[in-house]
There are 2 protein chains.
Amino acid sequence: MEKDTTLASRQEQLARFAKALGHPTRVAIMCFLAQQTSCYFGDIHEELPIAKATVSQHLKELKEAGLIQGEVETPKVKYCINRENWEKARSLFGEFFGQCLCKSGACCG
Amino acid sequence: MEKDTTLASRQEQLARFAKALGHPTRVAIMCFLAQQTSCYFGDIHEELPIAKATVSQHLKELKEAGLIQGEVETPKVKYCINRENWEKARSLFGEFFGQCLCKSGACCG
DNA sequence: TTTGTTTTTTGCAAAATTGCGAACAATAAA
DNA sequence: TTTATTGTTCGCAATTTTGCAAAAAACAAA
């Protein structure tokens, strides 16, 4: 089973990542995770002015998008960026913004 | 009135852009606009397997996020990327993915 | 076993998103 | 004026998202 790298599938993957980043709280979580060595649930919750159930929900979405991963260290849970997928996202966004710079002089004006 | 460049406001702006890009159809529209010299509504609609009302709705959201702009050329409407905001988005995503590369050796593992 | 700690899940309500057909708006052409 | 052309808006339904409190899960410690 080969990896699907068609334009459509890359666009879908980009949209999936973008959707996960489409909420300020989730962007804040990603930035926080990127700058911390310890990243337990409680640390993340402490940073945010929202209920822990809500934090958990946002973490779940980031996890399902593949941007982060969680590791149980009973009774805590340590969260971190999923480096492999993070790199994939970086690459897709890079390609997206690269090709969309109107090289051909397209666009209005 | 100064421009707000706090971390929180940049995160919010990034989330707004990301949210607009959080749907495969809208990503496809952006890619299409970036590669065309003519970009009338009809051309965009032709590319997509969805009703024109739906296309119009997606264009409206991209416009409200500031990523594109429309210009009436009766009876058509010409759409194009909003270069200024596009550059702003590119910069924000660049910063985001740049700082989140785990420079400090943070993250698990 | 009971208690305590940490996080997830559940249940609920409000709001937003998605998609479509039909109706409408704006203008040019016949 | 009537007719065509091109897009937008409206009204509707189905689904998803967002946020929270309360309950549940998982396990260590007393």
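Here is the naming used below: chain letters follow the sequence lines, and residue numbers restart at 1 for every chain. Keep in mind it's a predicted model, so treat the numbers as computed, not measured.
Here the P atom of nucleotide C:dG19 and the CG atom of B:Leu48 are 11 Å apart, to the nearest Å. Following rounding to the nearest Å, A:Lys78 (NZ) and C:dT5 (C1') show an atom-to-atom distance of 19 Å. Protein atom CG of A:Asp43 is 12 Å distant from nucleotide atom C1' of C:dT6, rounded to whole Å. The distance between atom OH of A:Tyr79 and atom C1' of C:dT7, rounded to the nearest whole Å, is 8 Å. Put simply, CD on B:Gln57 is 8 Å from P on C:dT18, counting in whole angstrom units. Rounded to whole angstrom, the span from the NZ atom of A:Lys76 across to the P atom of C:dG4 amounts to 18 Å.
A:Asn82 has its side chain out of reach of A:Leu62: every pair of non-hydrogen atoms, C-beta onward, lies at least 4.5 Å apart. With a 4.5 Å cut-off on side-chain heavy atoms, A:Tyr79 and A:Val77 count as touching. Between B:Pro24 and A:Gln11, every side-chain heavy-atom pair lies at or beyond the 4.5 Å cut-off. Annotation: side chain of A:Ile68 is in contact with side chain of A:Leu59 (closest heavy-atom distance under 4.5 Å). B:Lys60 has its side chain within reach of B:Glu64: a pair of non-hydrogen atoms, C-beta onward, lies under 4.5 Å apart. Put simply, the side chain of B:Gln13 reaches to within 4.5 Å of the side chain of B:Leu92, judged on heavy atoms. Put simply, the side chain of A:His58 does not reach to within 4.5 Å of the side chain of A:Val55, judged on heavy atoms.
Taking a cutoff of 4.0 Å between a charged side-chain nitrogen and a carboxylate oxygen, A:Glu73 and A:Lys76 do not qualify as a salt bridge. Using a 4.0 Å cut-off between charged nitrogen and carboxylate oxygen, A:Lys19 and A:Glu61 do not count as a salt-bridge pair.
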Going 5' to 3' along nucleotides 21-30 of chain C, which nucleotides have protein heavy atoms under 4.0 Å from the base (write B), which only from the sugar-phosphate (write S), and which from neither (write -)? B-----S---
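Residue A:His58 is in sugar-phosphate contact alone, with no base atom involved, counting any heavy-atom pair closer than 4.0 Å across all strands shown. Residue contacts for B:Leu59: at a heavy-atom cut-off of 4.0 Å it reaches no nucleic acid atom on any strand shown.
Between B:Phe96 and the choices A:Phe17, A:Trp86, A:Phe97, A:Phe93, the ring pair (Phe, Tyr, Trp, His ring centres under 6.0 Å) rule is met once, by A:Trp86.
A donor-acceptor contact shorter than 3.5 Å is absent between the side chain of A:Arg16 and the backbone of A:Ala65.
For DNA chain D, the contact window with chain A, defined by any atom under 4.0 Å from a protein heavy atom, covers D:dT17 to D:dC27 in 5' to 3' order.
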Table of protein N/O atoms under 3.5 Å from nucleotides 15-17 of chain C N/O atoms:
residue : atom : partner : partner atom : Å
C:dT17  : OP1  : B:Lys19 : NZ           : 2.9

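Of the two residues near DNA chain D, A:Pro49 and B:Gly42, the one whose nearest nucleotide lies more 5' is B:Gly42.
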